[in-house]
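Values below: all heavy atoms of this structure, side chains included; hydrogens, waters and symmetry mates excluded.
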Amino acid sequence: QLRLVESGGALVQPGGTLRLSCAASGFTVDFKAILWFRQAPGKEREGVSCSSASAMDSSTYYADSVKGRFTISRDNAKNTVYLQMSSLKPEDTAVYYCAAGGTYYSCSNFVSNSRLQTTGVDSWGQGTQVTVSS
């Protein structure tokens, strides 16, 4: 059974940093693309970042809104993917979800019109709340 568990969400001041973790079980992360989405109250879910299956592809994706501030990384030994967030802004406030790609291993398969799509995702975590406020 595929399972993803996010952790690391918290209340942080503007300009602060936070690292989210996405721990996987039931599969090996290095053979799957791992994606991060976020959803703020009253807004649509937004694709934030993606890491291609490291066994086949090293490419990553970042939404323009987080490029240069967020970094996605993997620790395959721990079967965990991280989202390091810095220079946080109030508009980064949202519930953050990690997701695993299905049969597609490259982030390019999940990008359409320069945006990360949920089509092809086959499992989701429960989400972790990030609040950026002074």
Salt bridge (Lys or Arg N to Asp or Glu O under 4.0 Å) for Lys67 and Asp64? Distances and angles first, verdict last. CA-CA 5 Å; Lys67 204 170 290 183; Asp64 287 344; 3.1 Å; yes
Run the side chain to side chain contact (heavy atoms under 4.5 Å, CB included) check on Thr17 and Leu88 step by step: do they pass? CA-CA 6 Å; Thr17 63; Leu88 282 162; 5.6 Å; no
Determine whether Ser49 and Phe70 satisfy the following criterion, side chain to side chain contact (heavy atoms under 4.5 Å, CB included), listing intermediate values before the conclusion. CA-CA 8 Å; Ser49 183; Phe70 289 12; 5.8 Å; no
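To the nearest 0.5 Å, the span separating CZ on Arg74 from OG1 on Thr60 amounts to 10.5 Å.
In this structure, the side chain of Asn109 does not engage the main chain of Ala33 through any donor-acceptor pair within 3.5 Å. Between the side chain of Lys32 and the backbone N or O of Tyr105 there is no donor-acceptor pair closer than 3.5 Å. Side-chain N or O atoms of Ser87 include none that pairs as donor or acceptor with a backbone N or O of Arg69 at under 3.5 Å. Looking at Ser21, its side chain never comes within 3.5 Å of a backbone N or O of Ala23 through a donor-acceptor pair. Gln117 places a side-chain N or O within donor-acceptor distance of the main-chain N or O of Arg115, the cut-off being under 3.5 Å. The main-chain N or O of Cys98 is found under 3.5 Å from a side-chain atom of Glu6 such that the two form a donor-acceptor pair. Proximity of a side-chain donor or acceptor of Tyr61 to a complementary backbone N or O of Ser114 within less than 3.5 Å is detected. Within the 3.5 Å criterion, the main-chain N or O of Asp75 finds no donor-acceptor partner in the side chain of Thr80.
Both cation-pi conditions hold for Arg45 and Tyr97: the charged atom is under 6.0 angstrom from the six-membered ring centre and inside a 45 degree cone around its axis. Cation-pi geometry between Arg38 and Tyr96 is not met at under 6.0 angstrom from the ring centre and within 45 degrees of the axis.
Checking Ser65 against Glu91 by side-chain atom types alone, no donor-acceptor pair falls below 3.5 Å. A side-chain donor-acceptor contact under 3.5 Å links Ser54 and Asn76. Side-chain N/O atoms of Gln129 and Thr131 include a donor and acceptor closer than 3.5 Å. Between Asp30 and Thr28, the side chains place no donor N or O within less than 3.5 Å of an acceptor N or O (distance only, hydrogens not considered).
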